[in-house]
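Quick note: numbers below take in every heavy atom, side chains included, and nothing from hydrogens, waters or symmetry partners. A, B, ... follow the sequence lines: proteins, then strands. Residue 1 opens every chain.
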Amino acid sequence: MKDLSLHVLDIAQNSIAAEAKVIQITLYFNRGNDYFELVVKDNGKGMEKDFLLRVTDPFTTTRITRKVGLGIPLLKRNAELTGGSFSIYSEPGAGTILTARFIPSHIDCLPLGDLAGTFALLICSYPKINFIIEIIVEKTRFCISTKEIVEAIEGVPLSNSSVYPLVKEFFNTNLEGLQITNLG
Amino acid sequence: MIKVKSLADLKKMRESLQAKVDLREKGEAAENLVQIKVAMATCGIASGAKVVMDYLLEELEKRGINAVVTQTGCMGYCYAEPTIEVKLPDADAIVFGYVDKKKADEIIEKYIKNGELVDGIIPVNYESIDDK
Ligand SMILES: Nc1ncnc2c1ncn2[C@@H]1O[C@H](COP(=O)(O)OP(=O)(O)O)[C@@H](O)[C@H]1O
Ligand code: FES
Ligand SMILES: [Mg+2]
């Protein structure tokens, strides 16, 4: 993946495939300590323990048959390449929580990419899922959910093609406000 | 574009949105709409599916084409990602491979607007991605 927004989109697809009703995506920027965390938490069907082990350490299995690799190993590798870390916890029937920590000052750290587009695409494509998007930059917190957006545009379906550009603009404006157009 | 920063700003846009919804619902039953599915699995995302979906959503809206653009999972055409499936009213669904912005523009202008075929069609005999 060439940027973080693509990882976010890809990882969210796992939660969607796991039939999550609520997906919380948190971006946590800690500039003082030079790290950035992506946390994706869902209430989907979760994974059994032995399966989970294979997911986090896929290179010991034969599951990797594709050149581009799987979503989770790619994210893990990109986080660890920067000197960061990766963890995933899952509980069958309860959900999954995945954390990827990046060190922004590292030369291999991916750019953020179009986060606004990713959030808008997810929210507008999956109206039945409540996405909670939380962005924390030091002491400033921005949080918005699908529910709140649906309430604001009351009566207009998220799938309506005029909604996507608006929601994207909404995220862009807020991300600019938080001054996180770049990681480093 | 007006800055949309708060939920209140979004709310303000609601009226103009609602007007468009009403307009749309009058003439357009779902089967009369152009339906597009963008394959959004890891392969697709890694090779540019997100850019393509964003482009389609923005451009179809700007060009006044009533379409429904949705995401779908793996279509199994790793080699040809990004792939999109386009279903025009009264026509069979067609899958296009190696779609970038330029190709998407061509698909909109030639195929969607005029029904002219363009290069890049993946030859398949299947009903729809969801039926696979
Ligand atoms: N949030 C999740 N909830 C439940 N299962 C998951 C979740 N994320 C990943 N998985 C499981 O782990 C597998 C591997 O995920 P991933 O590395 O993204 O590859 P892929 O999605 O292409 O299979 C998935 O197929 C799925 O079975
Ligand atoms: S594995 Fe699905 S497109 Fe490659
Ligand atoms: Mg995946």
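A distance-only check finds a donor-acceptor pair linking the side chain of A:T173 to the backbone of B:V4 [under 3.5 Å]. Counting only distance, with no hydrogens or angles, the side chain of A:N174 and the backbone of B:K5 share a donor-acceptor pair below 3.5 Å.
Interface remark: of the candidates B:L60, B:L57, B:D9, B:I45, B:I45 forms the most heavy-atom pairs closer than 4.5 Å to chain A. Highest contact tally toward chain B, considering only A:H7, A:E151, A:E148, is held by A:E148 [criterion: heavy-atom pairs under 4.5 Å].
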Inset, instruction - Output, in order, the C-alpha distance, side-chain angles, deciding distance and verdict of side chain to side chain contact (heavy atoms under 4.5 Å, CB included) for A:I144 and B:L7. - result: CA-CA 9 Å; A:I144 194 83; B:L7 284 169; 3.6 Å; yes
Legend entry - Test log, rule side chain to side chain contact (heavy atoms under 4.5 Å, CB included), inputs A:D10 and B:M40: CA-CA 8 Å; A:D10 180 54; B:M40 204 64 90; over 6 Å; no
Inset, instruction - Evaluate side chain to side chain contact (heavy atoms under 4.5 Å, CB included) for B:V69 paired with A:Y164, printing each intermediate quantity in order. - result: CA-CA 11 Å; B:V69 186; A:Y164 170 73; over 6 Å; no
Legend entry - Working for side chain to side chain contact (heavy atoms under 4.5 Å, CB included), residues A:S162 and B:M13: CA-CA 10 Å; A:S162 308; B:M13 310 294 292; over 6 Å; no
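By the criterion of side-chain heavy atoms lying less than 4.5 angstrom apart, applied directly or through intervening Ile, Leu, Val, Met, Phe, Trp or Tyr residues, A:Y28 is not grouped with A:L38; the two fall into different hydrophobic clusters. No single ILVMFWY cluster, assembled from side-chain heavy atoms under 4.5 Å apart, contains both A:V22 and A:V8. Both A:F142 and A:L4 are part of a single hydrophobic cluster, where members link through side-chain heavy atoms under 4.5 Å apart. Taken together through direct or relayed side-chain contacts under 4.5 Å among Ile, Leu, Val, Met, Phe, Trp and Tyr, A:I135 and A:V39 form parts of separate hydrophobic clusters. Using a 4.5 Å cut-off between side-chain heavy atoms of Ile, Leu, Val, Met, Phe, Trp and Tyr, with links allowed through other members, B:L88 and B:I94 fall into the same hydrophobic cluster.
Residues A:D114 and B:V51 have side chains not in contact (no heavy-atom distance under 4.5 Å, counting atoms from C-beta outward). Using a 4.5 Å heavy-atom cutoff, the side chains of B:T42 and A:L70 are not in contact.
In this structure, the separation between CG on A:L9 and CE on B:M53 is 9.0 Å, given to the nearest 0.5 Å. Distance CE/A:M1 to OG/B:S47: 8.5 Å, rounded to 0.5 Å.
Checking B:Q18 against A:E154 by side-chain atom types alone, no donor-acceptor pair falls below 3.5 Å.
Applying the 6.0 Å contact sphere to OH of B:Y79 captures more than 12 heavy atoms from other residues, nucleotides or ligands. Heavy atoms from other residues, nucleotides or ligands lying under 6.0 Å from CD of B:E116 number more than 12. Summarising the local packing, CG of B:N114 is surrounded by more than 12 heavy atoms from other residues, nucleotides or ligands at distances under 6.0 Å. Sparse packing is recorded around NZ of A:K41, with 12 or fewer heavy atoms of other residues, nucleotides or ligands lying under 6.0 Å away. Residue-environment remark: NZ (B:K101) stays at or below the threshold of 12 foreign heavy atoms within 6.0 Å. Annotation: B:D119, atom CG; neighbour count of heavy atoms from other residues, nucleotides and ligands within 6.0 Å does not exceed 12.
Contact annotation for B:S6: only backbone heavy atoms (N, CA, C, O) come within less than 4.5 Å of a heavy atom of chain A. Of the atoms belonging to A:Y126, it is side-chain heavy atoms, and not backbone ones, that fall under 4.5 Å from chain B.
The two residues B:E61 and A:S161 have their closest heavy-atom pair at OE1-OG, 3.0 Å. B:K50 and A:G117 get closest at one heavy-atom pair: CE-C, 4.0 Å.
Here A:K168 pairs with B:E58 in a salt bridge; the nearest charged N to carboxylate O distance falls below 4.0 Å.
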